[in-house]
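Side chains are part of it too, since the values below use all heavy atoms of this structure and drop only hydrogens, waters and symmetry mates. Model, not experiment: these values are computed from the prediction. Residue numbers start from 1 in every chain, and the chains themselves are labelled A, B, ... in the order their sequence lines are given, proteins ahead of strands.
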2 protein chains.
Amino acid sequence: MGAEQADTPISGDVPRDDREHTGTPISGSARRGGSDIPGGRRKQRVSMADVAKLAGVSSQTVSRVSNGHPGVIDSTREQVLAAMRELGYRPNSAARALRYGQFNTIGVILFSLASTGNSRTVEAIATHAAAEGYAITLIPIDVPTQDNVLGAFTRMGELAVDAVIAIIEIYLLDTVTVTLPPGVHVVVVDSDAGDRYSVVDTDQADGARRAVRHLLDLGHRTVWHVTGPRTSYAALSRARAWRATLEEAGRPVPPPLPGDWSAGSGYAAGLALAGEPGCTAVFAANDQMALGLLRAFHERGRTVPGEISVVGFDDIPDSAYFVPPLTTVHQDFAEVGRRCVRQVLAQIRDGQSSRPGTDLVPTSLAVRQSTAPPPAGATS
Amino acid sequence: MGAEQADTPISGDVPRDDREHTGTPISGSARRGGSDIPGGRRKQRVSMADVAKLAGVSSQTVSRVSNGHPGVIDSTREQVLAAMRELGYRPNSAARALRYGQFNTIGVILFSLASTGNSRTVEAIATHAAAEGYAITLIPIDVPTQDNVLGAFTRMGELAVDAVIAIIEIYLLDTVTVTLPPGVHVVVVDSDAGDRYSVVDTDQADGARRAVRHLLDLGHRTVWHVTGPRTSYAALSRARAWRATLEEAGRPVPPPLPGDWSAGSGYAAGLALAGEPGCTAVFAANDQMALGLLRAFHERGRTVPGEISVVGFDDIPDSAYFVPPLTTVHQDFAEVGRRCVRQVLAQIRDGQSSRPGTDLVPTSLAVRQSTAPPPAGATS
DNA sequence: TCGGATGATGTTTACGTAAACATTATCCTT
DNA sequence: AAGGATAATGTTTACGTAAACATCATCCGA
């Protein structure tokens, strides 16, 4: 619709700064618009009415141009566009939202961006949402109590949000149902609330099974496990699959060692395991804890993978550069984010509320150098 | 409008799993409100008018109650509150924003949440903003081109946002000035645009100086450096301070090795450095690259810190569990986030637009086990 | 040449909130 | 007891947008 119209008869004295140059014709004129009111505080926003006045049309016509509706003659459209540029007009999304009852915004509730998984998932959510014209509103929860979760959902309900994606431990989700206003859709990550909500998640069990099988296939008699925190559904799920896989194979199930995702907890577990003579293989519920294990074994002179094999979970970028490079379960966080957005948008478009169901993203195993067959002398 | 719909008169067999549990007195009544319109699509939102009607007052009184204004007699207030609960009323933030011309939202523009620093900073921003009643709207930029940055700022301008925090490489900031509507405030991280914007950042130079001094004080003749990407202001700044510190001390300045923040690039640099006989100390521009260095040195049989000392930058949680635990410059990302929010709020409240200036957060050195005096035979 | 179809544009209205102003009831002072 | 202050509540209006409807001009076919 653009530059070829440049010769409509507006006037001679307005500096037409959009002659043919590539980018952003906005810059020069926006500045000009700003200087309209010389002394005092300029009017904060430029509204359609302002544009309409300058262009000599009704504000409805401005609206039509703004939204690309048909039925505006080219010369008029050009005049309006020129006026928009001149004044630096931007549509006011609050008014739009009020009008439409829709905000084009997705709320995300989560505990911490500190964990790799969360931040990558959020990033993917933001990226895909942006591609669909949605923005992301973030509410982090510092202390994970039911009250705080409830509060976050309440705030989301008050905010201009069409849907909520909650990346949240399941046990905190119990009382939440009713706090959201009707019409707001929910998708949940890291939870098995598939009976109540749309759930998207990495297929934790699948990943854990891959890890354990890999170690068993290498000839290890059994596999020890360092768990994530008890409050995490992902951790629980991985531990369950670890146990199930061992049991299916008829292997003894050693007592799981409690961890909390941190390298420190992995280190502590590693110190304990270094003293277990029968231990030749460990599956850590995430890469950080695997890192702690590696360091503990290194300190205690237990070589990896010579004496002990270690498998992690997540495949954080660094894990390929651990000493030794870590064999780990690869999670596709980007895909999780993508599917969250897809689900949420489907709900918004259907007008349907969160329909229960679980959407699992498969994992894969990144085999590197922290795993090997057990040492010859090991109890097999 | 989700699960609470489940017990509108569908049938009796739905298990009521929320009888009498602790929180949310809202639950029961919110559900009632939902069933108002039996057949068709219920009215999406409950407005003040609805509450007013039910409470038998004017909507203005509801507004007063909603905002905690004085001048409402207790009995009336109670009636209104009851009606609010009954209907599950929530203020509509879009209408509010339209009315006030303020959105209580801060926009954050950034490249990637994948880097530890960014995600921690964003988290801190979100937390502190939330404490002040502000929400965060996130726009990530997948491909860092000027056009995309411009686009992100433009979108922010259209969104309901009172201010923008940009965590962005400086060189992409050039054309941006004019794209934001007047009245939107800007704070920038990771940039030296202090002449044009409010800048908050870690004191990169201070941190780099600490790292280099530490190594020189241990007796190393000079310090090698693995840089971050050329596009990063932080990387540039660290490299500059590294060079300056060496020059001040009258030491030779070895050629810097190019990195890109990734462990892989650190690894590559490490392989190169392992062949440099004179190299006894390396300062990596971040911890990931330091990790790569450690692995390369380990592979090449160069002991750390026996033969070579390594210092990183960031102090990511894992770095204490590297082999060996990494001496590194600690960045206070949370403080950076806090100050961003403080600056932005100050601007909003002053009504002043972004006033130039730079606010630097100091660093500290976390001394661990990857640094030691140079080996006895080393050239000194 | 006229009636009606079509296309371009204008006018009215509602979205939900809250400031500004208007009204009514109540209580105190003299 | 009357007048005036004060407190409690109601009414009107504007915020910026866009759907719905209304108006006007133009063009076409019979």
Side-chain angles (χ1 to χ4, degrees), chain A residues 1 8 43-81 83-84 87-104 157-162 181-183, chain B residues 41-81 83-84 87-104 157-162 181-183:
Chain A
M1 46 174 119
T8 30
K43 204 177 163 201
Q44 281 289 80
R45 289 208 66 118
V46 178
S47 77
M48 283 193 165
D50 301 321
V51 175
K53 208 169 84 183
L54 179 60
V57 300
S58 78
S59 66
Q60 183 55 34
T61 300
V62 177
S63 168
R64 282 190 263 260
V65 171
S66 173
N67 294 19
H69 282 251
V72 179
I73 208 168
D74 275 1
S75 62
T76 308
R77 179 188 307 279
E78 258 321 303
Q79 243 168 314
V80 170
L81 287 174
M84 282 178 171
L87 297 175
Y89 168 78
R90 324 250 163 207
N92 178 325
S93 66
R96 229 171 210 174
L98 179 57
R99 188 86 239 289
Y100 284 138
Q102 243 217 306
F103 309 95
N104 276 22
E158 289 167 7
L159 281 174
V161 154
D162 299 312
Chain B
R41 306 197 315 115
R42 85 167 64 125
K43 205 177 160 202
Q44 280 289 77
R45 288 207 66 118
V46 179
S47 78
M48 283 192 165
D50 302 321
V51 175
K53 209 169 85 181
L54 178 62
V57 299
S58 78
S59 67
Q60 183 54 37
T61 299
V62 177
S63 167
R64 283 191 261 259
V65 170
S66 174
N67 294 20
H69 282 251
V72 179
I73 208 168
D74 276 359
S75 61
T76 308
R77 178 186 308 278
E78 265 319 306
Q79 242 169 315
V80 171
L81 287 173
M84 281 179 172
L87 298 176
Y89 167 79
R90 324 248 164 211
N92 178 324
S93 64
R96 228 172 212 174
L98 179 58
R99 189 84 239 290
Y100 284 138
Q102 242 213 278
F103 309 95
N104 276 23
E158 289 167 7
L159 280 172
V161 154
D162 299 312

What is the distance from [atom1] of [X] to [atom2] of [N], rounded to the nearest Å?
{"X": "B/Asp50", "N": "C/dT17", "atom1": "CG", "atom2": "C1'", "result": "13 Å"}
{"X": "A/Met84", "N": "D/dT17", "atom1": "CE", "atom2": "P", "result": "9 Å"}
{"X": "A/Met48", "N": "C/dT12", "atom1": "CE", "atom2": "C1'", "result": "16 Å"}
{"X": "B/Asn67", "N": "C/dT17", "atom1": "CG", "atom2": "C1'", "result": "9 Å"}
{"X": "B/Phe103", "N": "C/dT17", "atom1": "CZ", "atom2": "P", "result": "16 Å"}
{"X": "B/Arg96", "N": "C/dC15", "atom1": "CZ", "atom2": "P", "result": "19 Å"}
{"X": "B/Gln102", "N": "C/dA18", "atom1": "CD", "atom2": "P", "result": "13 Å"}

Legend entry - Flag, side chain of A/Asp162 to backbone of A/Asn104, donor-acceptor distance under 3.5 Å: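 Yes: the side chain of A/Asp162 pairs with the backbone of A/Asn104.
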Inset, instruction - Drop me the distance from A/Thr61's OG1 to A/Arg64's CZ, to the nearest 0.5 angstrom. - result: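 The CZ atom of A/Arg64 is 5.0 Å from OG1 of A/Thr61, to the nearest 0.5 Å.
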To the side chain of [X], which of [options] is closest?
{"X": "A/Ala95", "options": "D/dA19, D/dA18, D/dG16", "result": "D/dG16"}
{"X": "B/Tyr100", "options": "D/dT17, C/dA18, D/dG16", "result": "C/dA18"}
{"X": "B/Ser63", "options": "C/dA19, C/dA18, C/dT17", "result": "C/dA18"}
{"X": "B/Leu98", "options": "C/dC15, D/dT17, D/dC15", "result": "D/dC15"}
{"X": "B/Arg99", "options": "C/dT9, C/dG16, D/dA18", "result": "C/dG16"}

Inset, instruction - For A/Gly71 and for A/Gln60, locate the closest nucleotide of DNA chain C by heavy-atom distance; then report the residue assigned to the nucleotide nearer the 5' terminus. - result: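 Its nucleotide being nearer the 5' end, the pick is A/Gly71.
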Legend entry - 5'-most by nearest nucleotide on DNA chain C - B/Pro91 or B/Arg64: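 Checking each residue's closest nucleotide, the 5'-ward one belongs to B/Pro91.
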Sugar-phosphate only, base, or nothing, as touched by [X] at under 4.0 Å among non-hydrogen atoms:
{"X": "A/Val57", "answer": "sugar-phosphate"}
{"X": "B/Thr76", "answer": "sugar-phosphate"}
{"X": "A/Thr61", "answer": "sugar-phosphate"}
{"X": "B/Ile73", "answer": "sugar-phosphate"}

Legend entry - side-chain hydrogen bond (donor to acceptor under 3.5 Å, both in side chains) partners of B/Ser93, counting only residues at least two apart: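 For B/Ser93, no residue satisfies side-chain hydrogen bond (donor to acceptor under 3.5 Å, both in side chains) once neighbours in sequence are set aside.
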Legend entry - B/Asn67: side-chain hydrogen bond (donor to acceptor under 3.5 Å, both in side chains) partners, not counting sequence neighbours: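 With neighbours one apart ignored, the set is B/Arg96.
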Inset, instruction - Taking the side chain as every heavy atom from C-beta outward, state whether B/Arg77 and B/Leu81 have any atom pair closer than 4.5 Å. - result: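 Yes. Closest side-chain heavy atoms under 4.5 Å.
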